[in-house]
Q: 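Quick one: the structure is below, and I'll ask about it shortly.
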There are 2 protein chains.
Amino acid sequence: MKAQDIKKAGLKVTLPRLQVLEYLEKHPGMHFTADELFTQLRQSSSEIGLATIYRVLNQFETAGLVVKHQFDNGHSVYELDTGEHHDHMVDVDSGEVTEFYSKQLEDLQVKLAKDYGYELIDHNMVLYVKKAK
Amino acid sequence: MKAQDIKKAGLKVTLPRLQVLEYLEKHPGMHFTADELFTQLRQSSSEIGLATIYRVLNQFETAGLVVKHQFDNGHSVYELDTGEHHDHMVDVDSGEVTEFYSKQLEDLQVKLAKDYGYELIDHNMVLYVKKAK
DNA sequence: GTGGGTGCAAATAATTTGCACGGTA
DNA sequence: TACCGTGCAAATTATTTGCACCCAC
(Lines give C-alpha, C1' and ligand atoms only; values in the text may rest on other atoms or scores of the structure.)
Protein backbone atom coordinates (compact mmCIF):
# COMPACT_ATOMS: atom_id res chain seq x y z
CA MET A 1 0.00 0.00 0.00
CA LYS A 2 1.20 3.50 -0.86
CA ALA A 3 1.52 5.15 2.55
CA GLN A 4 3.50 2.17 3.82
CA ASP A 5 5.98 2.39 0.98
CA ILE A 6 6.59 6.06 1.69
CA LYS A 7 7.11 5.40 5.39
CA LYS A 8 9.48 2.57 4.66
CA ALA A 9 11.57 5.03 2.69
CA GLY A 10 11.93 7.14 5.84
CA LEU A 11 9.73 9.91 4.45
CA LYS A 12 6.69 11.57 5.92
CA VAL A 13 3.42 10.66 4.31
CA THR A 14 2.31 13.90 2.69
CA LEU A 15 -0.28 14.73 0.10
CA PRO A 16 2.12 15.46 -2.79
CA ARG A 17 3.99 12.21 -2.20
CA LEU A 18 0.78 10.22 -2.13
CA GLN A 19 -0.49 11.91 -5.26
CA VAL A 20 2.64 11.24 -7.27
CA LEU A 21 2.83 7.60 -6.19
CA GLU A 22 -0.87 7.09 -6.79
CA TYR A 23 -0.69 8.56 -10.25
CA LEU A 24 2.19 6.28 -11.20
CA GLU A 25 0.37 3.24 -9.82
CA LYS A 26 -2.70 4.11 -11.85
CA HIS A 27 -0.66 3.99 -15.04
CA PRO A 28 1.53 0.90 -14.87
CA GLY A 29 4.15 0.50 -17.57
CA MET A 30 3.86 4.14 -18.58
CA HIS A 31 6.60 6.76 -18.42
CA PHE A 32 6.19 10.38 -17.42
CA THR A 33 8.36 13.45 -17.36
CA ALA A 34 8.27 15.62 -14.25
CA ASP A 35 6.39 18.22 -16.22
CA GLU A 36 3.76 15.76 -17.42
CA LEU A 37 3.11 14.69 -13.85
CA PHE A 38 2.91 18.34 -12.85
CA THR A 39 0.33 19.14 -15.51
CA GLN A 40 -1.71 16.02 -14.76
CA LEU A 41 -1.79 16.51 -11.01
CA ARG A 42 -2.60 20.20 -11.34
CA GLN A 43 -5.69 19.24 -13.32
CA SER A 44 -6.77 17.03 -10.42
CA SER A 45 -7.25 20.20 -8.42
CA SER A 46 -3.91 19.77 -6.69
CA GLU A 47 -1.79 22.67 -5.48
CA ILE A 48 1.39 20.71 -6.09
CA GLY A 49 4.49 22.56 -7.33
CA LEU A 50 6.85 21.43 -10.07
CA ALA A 51 9.85 21.66 -7.75
CA THR A 52 8.12 19.30 -5.35
CA ILE A 53 7.60 16.78 -8.11
CA TYR A 54 11.31 16.80 -8.85
CA ARG A 55 12.16 16.49 -5.16
CA VAL A 56 9.68 13.69 -4.58
CA LEU A 57 10.75 11.77 -7.67
CA ASN A 58 14.39 11.96 -6.65
CA GLN A 59 13.57 10.72 -3.18
CA PHE A 60 11.48 7.90 -4.62
CA GLU A 61 14.29 6.98 -6.95
CA THR A 62 16.76 6.81 -4.07
CA ALA A 63 14.25 4.74 -2.13
CA GLY A 64 13.87 2.37 -5.07
CA LEU A 65 10.17 3.09 -5.51
CA VAL A 66 10.65 4.62 -8.90
CA VAL A 67 12.98 4.15 -11.85
CA LYS A 68 14.36 7.04 -13.85
CA HIS A 69 15.25 6.69 -17.52
CA GLN A 70 17.08 9.08 -19.76
CA PHE A 71 16.23 8.85 -23.43
CA ASP A 72 18.21 10.67 -26.08
CA ASN A 73 15.85 13.61 -26.46
CA GLY A 74 17.15 15.14 -23.25
CA HIS A 75 14.48 14.93 -20.57
CA SER A 76 14.11 12.16 -18.07
CA VAL A 77 11.07 9.95 -17.60
CA TYR A 78 9.97 8.12 -14.49
CA GLU A 79 7.95 4.97 -13.91
CA LEU A 80 7.03 2.84 -10.93
CA ASP A 81 9.66 0.27 -10.01
CA THR A 82 7.89 -3.04 -10.30
CA GLY A 83 11.00 -4.92 -9.30
CA GLU A 84 11.13 -6.53 -12.71
CA HIS A 85 13.99 -5.19 -14.73
CA HIS A 86 13.35 -4.38 -18.36
CA ASP A 87 14.77 -2.30 -21.18
CA HIS A 88 13.08 -0.01 -23.68
CA MET A 89 12.38 0.31 -27.35
CA VAL A 90 11.39 3.73 -28.62
CA ASP A 91 9.50 4.06 -31.90
CA VAL A 92 11.27 6.96 -33.57
CA ASP A 93 8.16 7.87 -35.57
CA SER A 94 5.47 7.81 -32.90
CA GLY A 95 7.59 8.21 -29.77
CA GLU A 96 5.85 5.14 -28.35
CA VAL A 97 7.83 3.26 -25.70
CA THR A 98 7.78 -0.54 -25.46
CA GLU A 99 9.27 -2.41 -22.53
CA PHE A 100 11.05 -5.67 -23.12
CA TYR A 101 13.21 -8.17 -21.31
CA SER A 102 15.74 -10.64 -22.63
CA LYS A 103 17.61 -12.97 -20.32
CA GLN A 104 20.07 -13.58 -23.13
CA LEU A 105 20.80 -9.86 -23.32
CA GLU A 106 21.27 -9.50 -19.57
CA ASP A 107 23.67 -12.43 -19.45
CA LEU A 108 25.64 -11.15 -22.39
CA GLN A 109 26.15 -7.81 -20.69
CA VAL A 110 27.51 -9.40 -17.53
CA LYS A 111 29.87 -11.44 -19.66
CA LEU A 112 31.07 -8.42 -21.64
CA ALA A 113 31.86 -6.44 -18.50
CA LYS A 114 33.76 -9.42 -17.12
CA ASP A 115 35.74 -9.76 -20.35
CA TYR A 116 37.07 -6.26 -19.81
CA GLY A 117 37.94 -6.86 -16.17
CA TYR A 118 34.86 -5.17 -14.76
CA GLU A 119 31.87 -6.03 -12.66
CA LEU A 120 28.51 -4.89 -14.05
CA ILE A 121 26.67 -2.44 -11.78
CA ASP A 122 23.93 -1.17 -14.01
CA HIS A 123 23.15 -0.56 -17.61
CA ASN A 124 21.17 1.63 -19.90
CA MET A 125 19.92 0.25 -23.15
CA VAL A 126 17.46 1.80 -25.54
CA LEU A 127 16.65 0.50 -29.00
CA TYR A 128 15.43 3.11 -31.48
CA VAL A 129 13.09 1.38 -33.87
CA LYS A 130 10.58 1.80 -36.68
CA LYS A 131 7.53 -0.33 -37.42
CA ALA A 132 8.64 -3.10 -39.79
CA LYS A 133 6.98 -2.97 -43.20
CA MET B 1 42.35 15.09 -44.62
CA LYS B 2 40.44 17.53 -42.42
CA ALA B 3 39.64 20.35 -44.84
CA GLN B 4 38.31 17.83 -47.35
CA ASP B 5 35.94 16.30 -44.81
CA ILE B 6 34.53 19.70 -43.96
CA LYS B 7 34.01 20.58 -47.60
CA LYS B 8 32.34 17.26 -48.28
CA ALA B 9 29.84 18.14 -45.56
CA GLY B 10 28.92 21.25 -47.53
CA LEU B 11 30.48 23.58 -44.99
CA LYS B 12 33.01 26.35 -45.44
CA VAL B 13 36.49 25.57 -44.22
CA THR B 14 36.92 27.94 -41.31
CA LEU B 15 39.40 28.12 -38.46
CA PRO B 16 37.03 27.02 -35.67
CA ARG B 17 35.88 24.02 -37.68
CA LEU B 18 39.44 22.99 -38.43
CA GLN B 19 40.46 23.42 -34.81
CA VAL B 20 37.63 21.30 -33.44
CA LEU B 21 38.18 18.53 -35.97
CA GLU B 22 41.94 18.61 -35.45
CA TYR B 23 41.60 18.38 -31.70
CA LEU B 24 39.31 15.37 -31.95
CA GLU B 25 41.68 13.68 -34.39
CA LYS B 26 44.58 14.23 -32.03
CA HIS B 27 42.75 12.32 -29.31
CA PRO B 28 41.30 9.20 -30.87
CA GLY B 29 38.96 7.12 -28.75
CA MET B 30 38.48 9.97 -26.29
CA HIS B 31 35.23 11.76 -25.47
CA PHE B 32 34.80 15.46 -24.80
CA THR B 33 32.02 17.74 -23.68
CA ALA B 34 31.51 20.98 -25.58
CA ASP B 35 32.86 22.82 -22.59
CA GLU B 36 36.02 20.73 -22.40
CA LEU B 37 36.73 21.44 -26.05
CA PHE B 38 36.09 25.12 -25.40
CA THR B 39 38.57 25.26 -22.52
CA GLN B 40 41.19 23.27 -24.40
CA LEU B 41 40.99 25.31 -27.59
CA ARG B 42 41.00 28.58 -25.69
CA GLN B 43 44.30 27.56 -24.14
CA SER B 44 45.72 27.08 -27.63
CA SER B 45 45.40 30.83 -28.08
CA SER B 46 42.14 30.49 -29.98
CA GLU B 47 39.40 33.11 -29.96
CA ILE B 48 36.74 30.43 -30.42
CA GLY B 49 33.38 30.83 -28.67
CA LEU B 50 31.44 28.15 -26.81
CA ALA B 51 28.36 28.70 -28.97
CA THR B 52 30.46 28.05 -32.05
CA ILE B 53 31.63 24.76 -30.61
CA TYR B 54 28.06 23.65 -30.11
CA ARG B 55 27.13 24.79 -33.62
CA VAL B 56 30.12 23.10 -35.20
CA LEU B 57 29.63 19.86 -33.29
CA ASN B 58 25.99 19.68 -34.33
CA GLN B 59 26.93 20.26 -37.95
CA PHE B 60 29.61 17.61 -37.74
CA GLU B 61 27.18 15.18 -36.17
CA THR B 62 24.68 15.74 -38.98
CA ALA B 63 27.49 15.29 -41.46
CA GLY B 64 28.49 12.04 -39.79
CA LEU B 65 31.97 13.27 -38.89
CA VAL B 66 31.33 13.07 -35.18
CA VAL B 67 29.25 10.92 -32.84
CA LYS B 68 27.38 12.31 -29.86
CA HIS B 69 26.75 10.26 -26.72
CA GLN B 70 24.63 10.98 -23.73
CA PHE B 71 25.70 9.30 -20.51
CA ASP B 72 23.58 9.43 -17.36
CA ASN B 73 25.36 12.39 -15.81
CA GLY B 74 23.47 14.79 -18.03
CA HIS B 75 25.90 16.41 -20.46
CA SER B 76 26.73 15.10 -23.89
CA VAL B 77 30.14 13.98 -25.10
CA TYR B 78 31.48 13.92 -28.63
CA GLU B 79 34.09 11.83 -30.37
CA LEU B 80 35.32 11.42 -33.92
CA ASP B 81 33.27 9.00 -36.01
CA THR B 82 35.74 6.34 -37.06
CA GLY B 83 33.04 4.48 -38.96
CA GLU B 84 33.40 1.54 -36.60
CA HIS B 85 30.39 1.23 -34.37
CA HIS B 86 31.02 0.54 -30.72
CA ASP B 87 29.31 0.85 -27.35
CA HIS B 88 30.56 2.18 -24.03
CA MET B 89 31.36 1.06 -20.52
CA VAL B 90 31.60 3.76 -17.88
CA ASP B 91 33.53 3.09 -14.69
CA VAL B 92 31.23 4.53 -12.03
CA ASP B 93 34.15 5.18 -9.68
CA SER B 94 36.65 6.85 -11.98
CA GLY B 95 34.36 8.05 -14.77
CA GLU B 96 36.69 6.34 -17.23
CA VAL B 97 35.05 5.37 -20.55
CA THR B 98 35.93 2.15 -22.36
CA GLU B 99 34.75 1.43 -25.89
CA PHE B 100 33.78 -2.09 -26.84
CA TYR B 101 32.14 -3.98 -29.65
CA SER B 102 30.32 -7.28 -29.62
CA LYS B 103 28.91 -8.79 -32.81
CA GLN B 104 26.80 -11.07 -30.68
CA LEU B 105 25.25 -8.07 -28.94
CA GLU B 106 24.52 -6.27 -32.19
CA ASP B 107 22.85 -9.33 -33.68
CA LEU B 108 20.79 -9.89 -30.57
CA GLN B 109 19.44 -6.35 -30.73
CA VAL B 110 18.33 -6.71 -34.33
CA LYS B 111 16.61 -9.95 -33.40
CA LEU B 112 14.85 -8.41 -30.38
CA ALA B 113 13.49 -5.53 -32.43
CA LYS B 114 12.24 -7.98 -35.04
CA ASP B 115 10.57 -10.12 -32.36
CA TYR B 116 8.46 -7.10 -31.44
CA GLY B 117 7.56 -6.28 -35.03
CA TYR B 118 10.08 -3.51 -35.41
CA GLU B 119 13.07 -2.69 -37.52
CA LEU B 120 16.15 -1.53 -35.61
CA ILE B 121 17.24 1.99 -36.54
CA ASP B 122 19.76 2.78 -33.85
CA HIS B 123 20.55 1.95 -30.28
CA ASN B 124 22.10 3.36 -27.19
CA MET B 125 23.79 1.07 -24.74
CA VAL B 126 25.97 1.98 -21.81
CA LEU B 127 27.23 -0.44 -19.19
CA TYR B 128 27.95 1.09 -15.79
CA VAL B 129 30.74 -0.91 -14.23
CA LYS B 130 33.23 -1.16 -11.36
CA LYS B 131 36.71 -2.64 -11.47
CA ALA B 132 36.42 -6.32 -10.57
CA LYS B 133 38.15 -7.28 -7.33
C1' DG C 1 31.24 41.57 -52.84
C1' DT C 2 27.95 38.52 -50.36
C1' DG C 3 26.27 35.14 -47.74
C1' DG C 4 27.62 32.00 -44.55
C1' DG C 5 30.19 31.93 -40.09
C1' DT C 6 31.61 33.87 -35.68
C1' DG C 7 31.92 35.82 -30.84
C1' DC C 8 29.33 37.68 -27.44
C1' DA C 9 25.45 38.22 -24.68
C1' DA C 10 20.87 37.33 -23.96
C1' DA C 11 17.25 33.65 -24.34
C1' DT C 12 15.62 28.79 -23.41
C1' DA C 13 14.78 24.55 -21.12
C1' DA C 14 15.29 21.30 -17.58
C1' DT C 15 16.26 20.94 -13.03
C1' DT C 16 17.78 22.65 -8.35
C1' DT C 17 17.83 25.64 -4.39
C1' DG C 18 16.59 29.48 -0.84
C1' DC C 19 13.12 30.91 2.00
C1' DA C 20 9.07 31.73 4.74
C1' DC C 21 4.96 29.26 5.65
C1' DG C 22 2.21 24.96 6.54
C1' DG C 23 1.31 20.27 7.93
C1' DT C 24 2.89 15.51 9.91
C1' DA C 25 4.31 12.83 13.61
C1' DT D 1 5.55 21.73 19.26
C1' DA D 2 9.60 20.63 16.41
C1' DC D 3 11.02 19.87 12.05
C1' DC D 4 10.29 18.12 7.68
C1' DG D 5 8.08 19.28 3.53
C1' DT D 6 5.97 22.56 0.43
C1' DG D 7 4.97 26.31 -3.09
C1' DC D 8 6.89 29.92 -5.31
C1' DA D 9 10.41 32.44 -7.38
C1' DA D 10 15.06 32.99 -8.17
C1' DA D 11 19.43 30.44 -9.23
C1' DT D 12 22.00 26.94 -12.00
C1' DT D 13 23.51 24.30 -15.85
C1' DA D 14 23.64 22.86 -20.57
C1' DT D 15 22.50 24.42 -24.82
C1' DT D 16 20.46 27.59 -28.41
C1' DT D 17 19.59 31.91 -30.67
C1' DG D 18 19.76 37.05 -32.12
C1' DC D 19 22.70 40.24 -33.89
C1' DA D 20 26.38 43.08 -35.76
C1' DC D 21 30.78 42.21 -37.56
C1' DC D 22 34.09 39.27 -40.27
C1' DC D 23 36.06 36.19 -43.64
C1' DA D 24 36.13 32.22 -47.10
C1' DC D 25 34.86 31.66 -51.72
Side-chain angles (χ1 to χ4, degrees), chain A residues 1-23 31-63 65-66 68-78, chain B residues 1-23 31-63 65-78 95:
Chain A
M1 189 252 191
K2 291 152 258 170
Q4 288 307 317
D5 294 333
I6 296 175
K7 265 188 196 150
K8 248 184 279 174
L11 300 167
K12 281 186 184 169
V13 179
T14 63
L15 198 55
R17 286 178 182 148
L18 278 172
Q19 290 172 327
V20 169
L21 199 50
E22 190 172 275
Y23 191 84
H31 308 73
F32 303 95
T33 62
D35 202 66
E36 282 165 354
L37 286 171
F38 177 62
T39 307
Q40 290 301 314
L41 293 178
R42 273 289 167 131
Q43 284 175 7
S44 316
S45 64
S46 171
E47 295 289 290
I48 201 166
L50 180 54
T52 300
I53 304 228
Y54 277 107
R55 277 185 291 234
V56 167
L57 286 173
N58 281 333
Q59 292 158 345
F60 284 0
E61 195 201 358
T62 306
L65 291 176
V66 146
K68 177 182 184 175
H69 299 286
Q70 216 145 8
F71 297 146
D72 262 359
N73 49 65
H75 12 205
S76 307
V77 292
Y78 299 82
Chain B
M1 188 251 192
K2 290 152 258 168
Q4 288 306 317
D5 295 332
I6 296 175
K7 263 188 197 151
K8 248 183 281 173
L11 300 168
K12 280 188 186 172
V13 179
T14 62
L15 200 54
R17 285 178 182 151
L18 278 171
Q19 290 172 326
V20 168
L21 199 49
E22 189 171 275
Y23 191 84
H31 309 72
F32 304 95
T33 61
D35 203 66
E36 281 165 355
L37 286 170
F38 177 61
T39 308
Q40 290 302 314
L41 292 179
R42 273 290 169 134
Q43 284 175 6
S44 316
S45 65
S46 172
E47 296 288 292
I48 201 166
L50 180 55
T52 300
I53 305 227
Y54 277 107
R55 277 185 292 233
V56 167
L57 286 173
N58 281 333
Q59 293 158 344
F60 283 0
E61 195 201 358
T62 305
L65 291 175
V66 146
V67 189
K68 178 182 187 175
H69 299 288
Q70 216 144 6
F71 297 148
D72 263 359
N73 47 68
H75 14 205
S76 307
V77 292
Y78 300 82

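Convention: sequence-line order gives letters A, B, ...; per-chain numbering from 1.
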Q: side-chain contact (heavy atoms from CB on, under 4.5 Å) with A/Q59: which residues, sequence neighbours excluded?
A: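 side-chain contact (heavy atoms from CB on, under 4.5 Å) list for A/Q59, sorted by chain: A/L11, A/R17, A/V56.
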
Q: Mind grabbing the angle between the end helix axes of the helix from C/dT12-D/dA14 to C/dA25-D/dT1? Five pairs an end, 10° rounding.
A: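 Between the first-five-pair axis and the last-five-pair axis there is 30°.
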
Q: Return the nearest nucleotide to the side chain of B/H75; candidates are D/dT15, C/dG7, C/dT16.
A: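 From the listed options, D/dT15 comes nearest.
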
Q: Mind checking whether B/Q19 and B/L37 have side chains closer than 4.5 Å, heavy atoms only?
A: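 They are not in contact (no side-chain heavy atoms under 4.5 Å apart), so the answer is no.
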
Q: Which parts of nucleotides 17-25 of chain C does protein reach within less than 4.0 Å, heavy atoms only, written one letter per nucleotide 5' to 3' as B for base, S for sugar-phosphate only and - for none?
A: BB----BBS

Q: Please give, in whole Å, the distance from C/dA14 C1' to A/F38 CZ?
A: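 Going from A/F38 (CZ) to C/dA14 (C1'), I get 14 Å.
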
Q: Please report the closest heavy-atom contact between A/L18 and A/A3, naming both atoms and the distance.
A: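 Shortest heavy-atom contact: CD2-N, 4.1 Å.
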
Q: Let me see the working for A/I48 and A/V20 under side chain to side chain contact (heavy atoms under 4.5 Å, CB included), right down to the final yes or no.
A: CA-CA 10 Å; A/I48 201 166; A/V20 169; 4.1 Å; yes

Q: At their closest point, which heavy atom of B/A34 faces which heavy atom of B/I53, and how far apart are they?
A: O-CG2, 3.8 Å

Q: Does a side-chain N or O of B/Y54 approach OP1 or OP2 of D/dT16 to a distance below 4.0 Å, or not?
A: no

Q: Provide, to the nearest angstrom, the distance between the CD atom belonging to A/Q19 and the C1' atom belonging to D/dG5.
A: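 Answer to the nearest Å: 14 Å.
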
Q: Measure from the side-chain heavy atoms of B/I48 and tell me the nearest of D/dG7, C/dG7, D/dT6.
A: C/dG7

Q: Taking atom P of C/dA14 as reference, at what distance in whole Å does atom CG of A/L50 sit?
A: 10 Å

Q: Just how far, in rounded Å, is C1' of C/dT16 from CD of A/Q59?
A: 13 Å

Q: Among all residues two or more places apart in sequence or in another chain, which pass the side-chain contact (heavy atoms from CB on, under 4.5 Å) test with B/D35?
A: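 By the side-chain contact (heavy atoms from CB on, under 4.5 Å) rule, B/D35 matches B/T33, B/F38, B/T39, B/L50.
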
Q: Name all residues meeting the ring-ring contact (aromatic ring centres under 6.0 Å, His included) criterion together with B/F32; count only those two or more places apart in sequence or in a different chain, and write none if there are none.
A: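 B/Y23, B/H27.
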
Q: Taking side-chain contact (heavy atoms from CB on, under 4.5 Å) as the definition, give me every residue that meets it alongside B/V67, ordered by chain and number, with sequence neighbours left out.
A: B/H69, B/E79, B/D81

Q: Tell me, with the steps shown, if B/V13 and B/K7 meet side chain to side chain contact (heavy atoms under 4.5 Å, CB included).
A: CA-CA 7 Å; B/V13 179; B/K7 263 188 197 151; 3.8 Å; yes

Q: What is the distance from CD of A/E36 to P of C/dA13, rounded to the nearest Å?
A: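 Going from A/E36 (CD) to C/dA13 (P), I get 16 Å.
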
Q: Could you check how far CG of B/L37 sits from C1' of D/dA14, rounded to whole Å?
A: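 These atoms are roughly 14 Å apart.
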
Q: Rounded to the nearest angstrom, tell me the gap between atom OH in B/Y78 and atom P in D/dA14.
A: 13 Å

Q: Write down the distance between CG (B/L18) and P (C/dT6), rounded to a whole number of angstrom.
A: 10 Å

Q: Describe the nucleic acid contact of B/N58 in one word from base, sugar-phosphate, nothing, applying a heavy-atom distance below 4.0 Å.
A: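 Here B/N58 touches the backbone only, sparing every base.
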
